[in-house]
Number of protein chains: 2
Amino acid sequence: MAEIKATRGSDRITIKDVATDAGVSVAAVSKVLRDAYGVSDGLRSKVRASMDKLNYRPLASARGMRGQTYTLGLILPDIRNPFFSDILAGINTALERTPYRLMLGISQSTTHIEEGLVDSMIDSQMDGLILIGTAEDQGRLEATAAIKPMVAIGHFAPQSGGYDTVNNDDQLSAQLVVRHLVGNGYRHIAMLSLASHTSTIIEERELGYRREMIEQDLGSFINVLRAGQTPREIQAATRKLLQGPVIPEALFCWTDFIALEVISVATEMGLRIPEDLAIVGHDNTRHCDFAQNSLTSVDQSGELLGLKSARLLIERIKGRTKSEHFVVEPRIVVRQSSGG
Amino acid sequence: MAEIKATRGSDRITIKDVATDAGVSVAAVSKVLRDAYGVSDGLRSKVRASMDKLNYRPLASARGMRGQTYTLGLILPDIRNPFFSDILAGINTALERTPYRLMLGISQSTTHIEEGLVDSMIDSQMDGLILIGTAEDQGRLEATAAIKPMVAIGHFAPQSGGYDTVNNDDQLSAQLVVRHLVGNGYRHIAMLSLASHTSTIIEERELGYRREMIEQDLGSFINVLRAGQTPREIQAATRKLLQGPVIPEALFCWTDFIALEVISVATEMGLRIPEDLAIVGHDNTRHCDFAQNSLTSVDQSGELLGLKSARLLIERIKGRTKSEHFVVEPRIVVRQSSGG
DNA sequence: GCGAAAATGTAGAACGGTACACGTAGAACG
DNA sequence: CGTTCTACGTGTACCGTTCTACATTTTCGC
């Protein structure tokens with residue numbers, strides 16, 4: 001009758017309680033927890049039994065003070081873009097049979113919010129970071145990567161030494177779109193890009209578009225316009241384009257969401273899609289497939305991007321220091337909005 | 001020349017470094033950090049200056065061991081539903097001028113993932129939790145709430161004592177929809193609800209639908225069908241309904257996303273919206289407004305829900321124990337899909 | 001059987017904060 | 001002028017883990 005002190009002041013079960021219950025030292029329990037060297041089968045199972053019995057869970061903040069927290073951080077620019085949920089699904093798949101957990105931050109495509117999130121993820125001792133479409137400058141990224149294992153998705157930084165990158169071949173994406181449209185007889189092809197493009201993937205897509213237009217001898221038709229992400233901005237830019245002196249025959253939008261808004265505006269202006277205007281999006285999100293949209297788009301397999309980046313991150317946490325740069329090949333999915 | 005030991009083994013600036021630099025005790029710095037009682041203006045500014053100079057940031061995991069981490073956790077069922085981003089925006093607004101930071105978890109509408117997330121948020125010593133559309137049972141919720149300040153959004157639990165709730169009046173939502181449709185001449189109104197409804201808001205909407213149908217003397221037309229969230233399930237359910245013996249004149253879908261998929265299927269089957277079939281969604285997300293969708297929907301002001309829940313949570317963290325239950329009033333936004 | 005090496009377990013000092021219990025000095029009071 | 005307050009700072013015991021030493025036991029080669 002000397003075991004009543006298990007739950008001291010507070011009520012949380014600690015490693016100490018487990019040690020007492022199993023009749024071993026605190027250090028031994030810690031070893032079992034970390035799968036560390038020097039634990040016999042007997043001890044392991046004894047400790048495991050006590051942990052189950054007491055329903056013990058290690059306190060991440062306490063672990064963080066000396067070792068790992070087994071928590072990874074993911075930063076998304078925007079929760080609205082459904083493409084990111086594919087990436088997320090891939091990450092979750094990769095993490096399934098590991099002890100790692102994922103925590104998210106949403107930067108709302110704003111650099112200072114993103115920086116704040118990165119800081120607080122570091123402050124809560126997360127073991128590694130995945131950044132999607134980061135807007136931070138190279139210097140800060142390198143600095144963060146020097147402290148924490150890091151992987152960037154959708155960020156082209158050829159010379160980046162401190163972290164891994166996982167990308168779609170965004171130049172190729174744009175090239176595929178132009179080729180497809182040219183194949184369907186369109187010549188005057190414009191591109192609707194993102195204003196204040198802090199993102200390198202936008203640059204890549206613009207570059208791909210320009211290159212392929214020149215390649216196809218359509219250099220004189222190159223027309224890149226830019227708009228923000230709010231409905232108002234997109235509508236204004238679209239109207240201006242479609243009223244302007246030269247109306248394009250086809251429009252490549254940097255992401256599906258924008259393309260759907262453009263379809264809406266064009267329809268309201270009395271244009272028929274694709275007879276008067278062909279539209280192509282990017283990311284092949286769920287909405288593309290709806291009959292009322294039937295939007296041609298470029299698929300970049302977000303799931304694979306997510307899966308790969310999680311794997312790379314864990315490798316890095318486990319000690320790899322040489323950088324890896326993974327690229328997936330996009331494919332175009334043709335629907336009615338571009339002439340079928 | 002005796003200050004070179006600031007960066008010891010590691011390189012992170014600690015409270016000790018700040019104390020040394022400012023020429024005060026560690027305890028004093030901690031007090032400034034926490035805005036605690038007993039700090040003179042002189043000391044405060046001296047310490048603040050050192051913190052800025054050294055670019056000090058407190059380590060959340062260390063703080064968590066004795067005090068607060070100033071980190072709040074939010075759990076979303078599904079990143080795909082754009083409605084949640086409105087809630088998120090509201091929460092972020094409420095948190096803007098506070099020391100609190102937000103971290104997200106995505107449960108993928110799966111109970112055991114949600115439970116895992118809640119656990120790991122508790123393990124990382126977050127100060128409070130906001131759960132959206134939780135699927136956990138009442139017992140577990142009470143247990144969590146007993147440990148951590150908690151607010152549930154989109155969860156009806158009249159007798160819940162341990163936590164606050166923030167809700168749309170979902171019964172009223174459904175009633176507004178039925179009334180609107182009846183006003184436009186529709187009688188045979190069906191409802192497409194969520195299968196395996198772990199969520200109480202679904203129950204409320206179904207209840208509101210049934211009540212109002214009876215109220216309008218249309219009890220014999222009541223028809224609730226259910227489907228999961230995957231495209232396949234939605235398509236199958238829709239096809240079955242629209243081929244079935246009795247085809248409804250109008251369909252109320254529990255969330256916009258489903259409604260858009262239904263429009264797609266109905267269109268492909270040759271039906272005209274709204275002449276052959278009226279459709280109404282819920283949440284008034286961005287897609288409703290696109291010309292190609294023009295979907296009538298119910299607006300529940302996600303931003304307000306988020307704002308309010310963050311405020312309630314902080315109040316609770318600061319000591320309030322009496323539960324509050326906040327309800328917003330929905331309003332219907334009429335577009336062409338229901339007859340204009 | 002003996003000594004060395006390998007295997008297994010333990011003690012206890014960190015880690016970076018918080019907060020309680022004090023100490024001290026000046027102000028207010030009678 | 002002594003006493004009691006009040007305001008402000010400090011010293012230090014924690015919080016729950018990890019991990020480096022080190023102690024002890026077992027295994028093994030000869």
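Given the structure is predicted, the values throughout are model-derived calculations rather than measurements. Proteins get letters first, then strands, A, B, ... in listed order; numbering begins at 1 in each.
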Notebook entry, point to check: Just to confirm, is there a sub-4.0 Å distance from OP1 or OP2 of C/dG16 to any side-chain nitrogen or oxygen of B/S61?
Noted result: no
Checklist line | Paired stretches of DNA chain C - 3 or more consecutive Watson-Crick or G-U pairs, each distance under 3.5 Å | finding: C:1-30 with D:1-30
Item checked: Nucleotide C/dG16, atom C1' - distance to CD of B/Q125 in whole Å -> 14 Å
Notebook entry, point to check: Rounded to whole angstrom units, what separation is found between the CG atom of B/L59 and the P atom of D/dT17?
Noted result: 16 Å
Note to self: Rounded to whole Å, how long is the line connecting atom CE of A/M65 with atom C1' of D/dC19?
What the structure shows: 14 Å
Checklist line | A/Y70 vs D/dT18: side-chain N/O to OP1/OP2 distance below 4.0 Å | finding: no
Notebook entry, point to check: How is B/V26 classified with respect to the nucleic acid when contacts are heavy atoms under 4.0 Å: base, sugar-phosphate, or nothing?
Noted result: base
Check: To the nearest Å, how far apart are A/K16 NZ and C/dA11 C1'?
Finding: 13 Å
Next item on the list: For salt bridge (charged side-chain N to carboxylate O under 4.0 Å, His left out), just list the numbers for A/R140 and A/D119, CA-CA rounded to whole Å, side-chain angles, deciding distance to a tenth of an Å, and then say yes or no.
Entry: CA-CA 11 Å; A/R140 236 196 89 104; A/D119 286 348; 3.3 Å; yes
Margin query: From NZ of B/K46 over to C1' of D/dG9, roughly how many Å is that when rounded to an integer?
Written below: 10 Å
Check: Is there side-chain contact between B/Y70 and B/R63, with heavy atoms separated by less than 4.5 Å?
Finding: yes
Note to self: Both B/R34 and A/L43 contact DNA chain C. Which one's nearest nucleotide lies toward the 5' end?
What the structure shows: A/L43
Next item on the list: Select base, sugar-phosphate, or nothing to describe what A/R57 touches, counting heavy atoms under 4.0 Å on all strands.
Entry: sugar-phosphate
Notebook entry, point to check: Are any of A/R63's side-chain N or O atoms less than 4.0 Å away from OP1 or OP2 of D/dT18?
Noted result: yes
Next item on the list: Starting at atom OH of B/Y56, determine the distance to atom C1' of C/dG16, rounded to an integer number of angstrom.
Entry: 7 Å
Notebook entry, point to check: Which nucleotide sits closest to the side chain of B/R66: C/dC15, D/dT10, D/dC15?
Noted result: D/dC15
Notebook entry, point to check: Please give, in whole Å, the distance from C/dG16 C1' to B/M51 CE?
Noted result: 15 Å
Notebook entry, point to check: Would you say B/S30 reaches C/dG17's phosphate, i.e. side-chain N/O to OP1/OP2 under 4.0 Å?
Noted result: no
Item checked: Candidate nucleotides D/dT17, C/dT10, C/dT8, ranked by approach to the side chain of A/Y37 - the nearest -> C/dT8
Notebook entry, point to check: Are B/V118 and B/M121 side-chain neighbours, meaning at least one heavy-atom pair lies under 4.5 Å?
Noted result: no
Check: If every non-hydrogen atom of A/N92 is compared with every non-hydrogen atom of A/L102, which pair is closest and at what distance?
Finding: OD1-CD2, 4.2 Å
Item checked: Residue B/A27, side-chain atoms from C-beta onward, closest of D/dT17, C/dA19, C/dG17 -> C/dA19
Note to self: Just to verify, which of B/R311, B/R320, B/K308 counts as forming a salt bridge (Lys or Arg N to Asp or Glu O under 4.0 Å) with B/D164?
What the structure shows: B/R320
Notebook entry, point to check: Of B/L313, B/D127, B/T71, which meets side-chain contact (heavy atoms from CB on, under 4.5 Å) against B/Y100?
Noted result: B/D127
Next item on the list: Check every atom of C/dT10, D/dT17, C/dT18 against the side chain of A/A28 and return the nucleotide holding the closest atom.
Entry: C/dT10
Next item on the list: In plain terms, say whether B/R80 and A/D86 are close enough for a salt bridge, that is, a side-chain N and a carboxylate O under 4.0 Å apart.
Entry: yes
Next item on the list: Report the distance from atom CG of B/D41 to atom C1' of D/dC8, rounded to the nearest whole Å.
Entry: 12 Å
Notebook entry, point to check: A/I130 and side-chain contact (heavy atoms from CB on, under 4.5 Å): which partner among A/L312, A/I75, A/L104, A/I153?
Noted result: A/I153
Checklist line | First encountered from the 5' end of DNA chain C, between B/K31 and B/P58 | finding: B/P58
Margin query: C/dT10, OP1 or OP2 - any side-chain N/O from A/S25 closer than 4.0 Å?
Written below: yes
